[in-house]
Asker: 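Quick one: this structure, given as structure tokens, is what I'll be asking you about.
Letters A, B, ... mirror the listed sequences (proteins, then strands); counts begin at 1. These numbers come from a predicted model, not from an experiment. Below, all heavy atoms of this structure are taken into account, side chains as well, without hydrogens, waters or symmetry copies.
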Protein chains: 2
Amino acid sequence: MNPIHFLDDSYVDKIVDIQTADFLRKIVIFKDLSNASMQLIIKRIQTLTFKKGEKIIYEDEKAKGVFFVHSGAVKLTKEDENGNEIIVCMKQKGDVFAEACLFSKTSELYPATATMLQDGQLFYLDKVELEKGLHEYPELAIQMIRYMSDSLREMTSTLRDVALLDVYAKTVKSLERLGNKFNTSTTRWNIEIPLTIQEFATVVGTTRESVSRVFSKLKKEGIIDMKSRKIIILDMCKLCTLMNSAY
Amino acid sequence: MNPIHFLDDSYVDKIVDIQTADFLRKIVIFKDLSNASMQLIIKRIQTLTFKKGEKIIYEDEKAKGVFFVHSGAVKLTKEDENGNEIIVCMKQKGDVFAEACLFSKTSELYPATATMLQDGQLFYLDKVELEKGLHEYPELAIQMIRYMSDSLREMTSTLRDVALLDVYAKTVKSLERLGNKFNTSTTRWNIEIPLTIQEFATVVGTTRESVSRVFSKLKKEGIIDMKSRKIIILDMCKLCTLMNSAY
DNA sequence: ATGGAAATGTGATGCTTCGCACATTTTTTT
DNA sequence: AAAAAAATGTGCGAAGCATCACATTTCCAT
């Protein structure tokens, strides 16, 4: 699975520029970009199609570029020396990842492994090209700073939860967080990406057995349910109550 | 402890501009800034003096500005509902903090509490002023992106360690990390900031008793020592060996 | 539609780590 | 320099969670 394959034309979907522009508008950091600036980025961007389970980049592999999620979902994971895995972050439509390799002097390597959680398309932009873009279009740099601010903020909260809470509380909190982030409608709070309990456990930083036990309880209380590998939050109110009380 | 006091002139040290410029060069993101750009930032920046233990900002307080560490050291902490604390990050000379509030649409609040670990001086810059600066000086925006990249990278590693490792491994790894970050010389690896075992435990995300037990072992083996609230790493090689072997 | 693979549920067991207690040491204050 | 406050070291018991085991269910490819 050589990362070089991105550069191979056979993997690149050729898409008309105008269409791509519309797609790019869905990426958070390009949203407000002027058309002129956009044109130059479009020229350099590649569209890549991935299947569920495919790996996009590997931790500690040399960082070549940055990715934007057009459709589907991606998990970013890190491993320790024993092969235990944790999901550091999950990305969906509009998100950017591998942005931590931009301008980095300390390390040229990707900090995490990226894997598709469901089929989807990504945009790929060479690191150097994006860096040029950031130099030339202040508006773009600002958007990137905004995006990174949010990422940092989110990650500090995750860190607190992982470090301080017990398995039950972490599970409930993760459910709430994912329910808010990955739902489609505003009235329902289902988690619209396929996530096995095994994977969910790596979000929480615990074992699948522990999560399974917590899920069993929550199912009994009618708070959540699972259908075809998707978690359904039946009662968000009750879920939040659990979190705030000392259960 | 009203944060408004930053705006009170009595707290502001008036420093000659030229002198400040020299100081600002020590802040990572200002390092390569042109003199012209620098002048405008200097006009807006305030110098604040703090004593060890003083709090600079509070988690969930309305975010007004960004801070730069000129001297001393700062810890950034978050709490859970039970009052348990974790040190999310530590900042020293040249670092920026509260940068996660820049351009943020999702939240206007500081994500963490900042406390001085030792006496020192900080620069304070109004959020809006810095945002203006980032718009006007692309070079500055680039530096900020670089800085945030590094922060993100560091934080994902921390998250992995906190989630996956046991107390012993986490302690050893934190020692190594802090030894690398907070030493002054290149030959010695002492941690040049006062850190009690109690505080160290909140870096690792565990209890002071657990850290105390690990430290006892490491002291017996002649790997570390403590002198007047500072951790001394006597044998960095041995420390790294511990980490890589399955101990 | 079906067989094989992957994921799940749940009990039993034991290891880690927490939390408490309290004696002791170190630091800070007056 | 003495007193007060804060931090530390360590034993012990309890709680929480990981690990193992294995039956069962669900999913996916053919």
Side-chain angles (χ1 to χ4, degrees), chain A residues 51-54 75 80 82-87 115-119 161-172 174 193-221 224-232 246-247, chain B residues 51-54 75 80 82-87 115-119 161-172 174 193-221 224-232 246-247:
Chain A
K51 286 247 169 75
K52 177 178 170 176
E54 280 190 273
K75 66 172 178 180
D80 71 358
N82 308 319
N84 300 313
E85 194 179 86
I86 180 160
I87 295 185
T115 312
M116 296 303 286
L117 284 169
Q118 49 186 182
D119 296 0
D161 295 346
V162 167
L164 299 179
L165 303 180
D166 60 30
V167 169
Y168 185 87
K170 276 195 278 192
T171 306
V172 170
S174 297
I193 38 173
L195 257 195
T196 64
I197 288 188
Q198 229 159 84
E199 279 175 315
F200 193 91
T202 68
V203 175
V204 175
T206 183
T207 60
R208 64 165 196 87
E209 290 96 329
S210 294
V211 171
S212 176
R213 281 180 247 267
V214 176
F215 272 29
S216 291
K217 271 191 206 167
L218 296 176
K219 278 181 204 163
K220 239 178 230 157
E221 296 175 54
I224 64 164
D225 199 6
M226 291 197 72
K227 278 255 159 60
S228 62
R229 291 285 138 89
K230 279 187 186 165
I231 298 161
I232 300 168
Y247 69 93
Chain B
K51 286 246 168 77
K52 177 177 169 175
E54 280 189 274
K75 65 171 177 180
D80 71 0
N82 307 321
N84 300 313
E85 194 178 88
I86 180 160
I87 295 185
T115 312
M116 296 303 286
L117 284 170
Q118 49 186 182
D119 298 0
D161 294 347
V162 167
L164 299 179
L165 303 180
D166 61 29
V167 169
Y168 185 86
K170 278 196 278 192
T171 306
V172 170
S174 298
I193 39 176
L195 258 194
T196 64
I197 289 188
Q198 230 160 83
E199 279 174 315
F200 193 90
T202 69
V203 175
V204 175
T206 185
T207 59
R208 63 165 197 86
E209 291 96 329
S210 294
V211 172
S212 176
R213 281 180 249 266
V214 176
F215 272 29
S216 291
K217 269 191 209 170
L218 296 176
K219 277 181 203 162
K220 239 178 232 159
E221 296 176 53
I224 64 165
D225 200 4
M226 292 197 71
K227 278 257 158 59
S228 62
R229 290 287 136 91
K230 280 188 187 165
I231 298 161
I232 299 168
Y247 67 94

Asker: Considering the options A/K230, A/K75, A/R208, which one meets the salt bridge (charged side-chain N to carboxylate O under 4.0 Å, His left out) requirement together with A/E199?
Answerer: A/K75
Asker: A/K227 or B/T196: which one's nearest nucleotide on DNA chain D is closer to the 5' end?
Answerer: B/T196
Asker: Could you tell me if the side chain of B/R213 sits less than 4.5 Å from the side chain of B/V167, heavy atoms only?
Answerer: no
Asker: Going from CZ on A/R229 to CD on A/Q118, what distance comes out if it is rounded to the nearest 0.5 angstrom?
Answerer: 14.5 Å
Asker: Under the 3.5 Å rule, do the base of C/dG19 and the side chain of B/R208 count as making a donor-acceptor pair?
Answerer: no
Asker: Report all interatomic pairs (protein N or O, nucleotide N or O of nucleotides 13-17 of chain C) with separations under 3.5 Å.
Answerer:
from	atom 1	to	atom 2	distance (Å)
C/dT17	OP1	B/V167	N	2.9

Asker: Return the value, rounded to whole Å, for the distance between atom CG of B/N82 and atom P of C/dG19.
Answerer: 10 Å
Asker: Should the side chain of A/R213 and the base of D/dT19 be counted as holding a donor-acceptor pair, with the cut-off at 3.5 Å?
Answerer: yes
Asker: So with a 6.0 Å cut-off around NZ of A/K217, is the heavy-atom count from everything else above 12?
Answerer: no
Asker: Reckon B/K219 touches a base, only the sugar-phosphate, or nothing at all at heavy-atom distances under 4.0 Å?
Answerer: sugar-phosphate
Asker: Main chain of A/L164, side chain of A/D161: is a donor-acceptor contact present, judged purely on distance under 3.5 Å?
Answerer: no
Asker: Less than 4.0 angstrom between a side-chain N/O of A/S212 and OP1 or OP2 of C/dG9, yes or no?
Answerer: yes
Asker: Round to a whole Å and report the spacing from CG of A/L195 to C1' of C/dA7.
Answerer: 13 Å
Asker: Would you say the base of C/dC20 and the side-chain of B/E209 have a donor-acceptor pair closer than 3.5 Å?
Answerer: yes
Asker: Indicate yes or no for a side-chain donor-acceptor contact from B/N82 to the backbone of B/N84 under 3.5 Å, with no hydrogens or angles considered.
Answerer: no
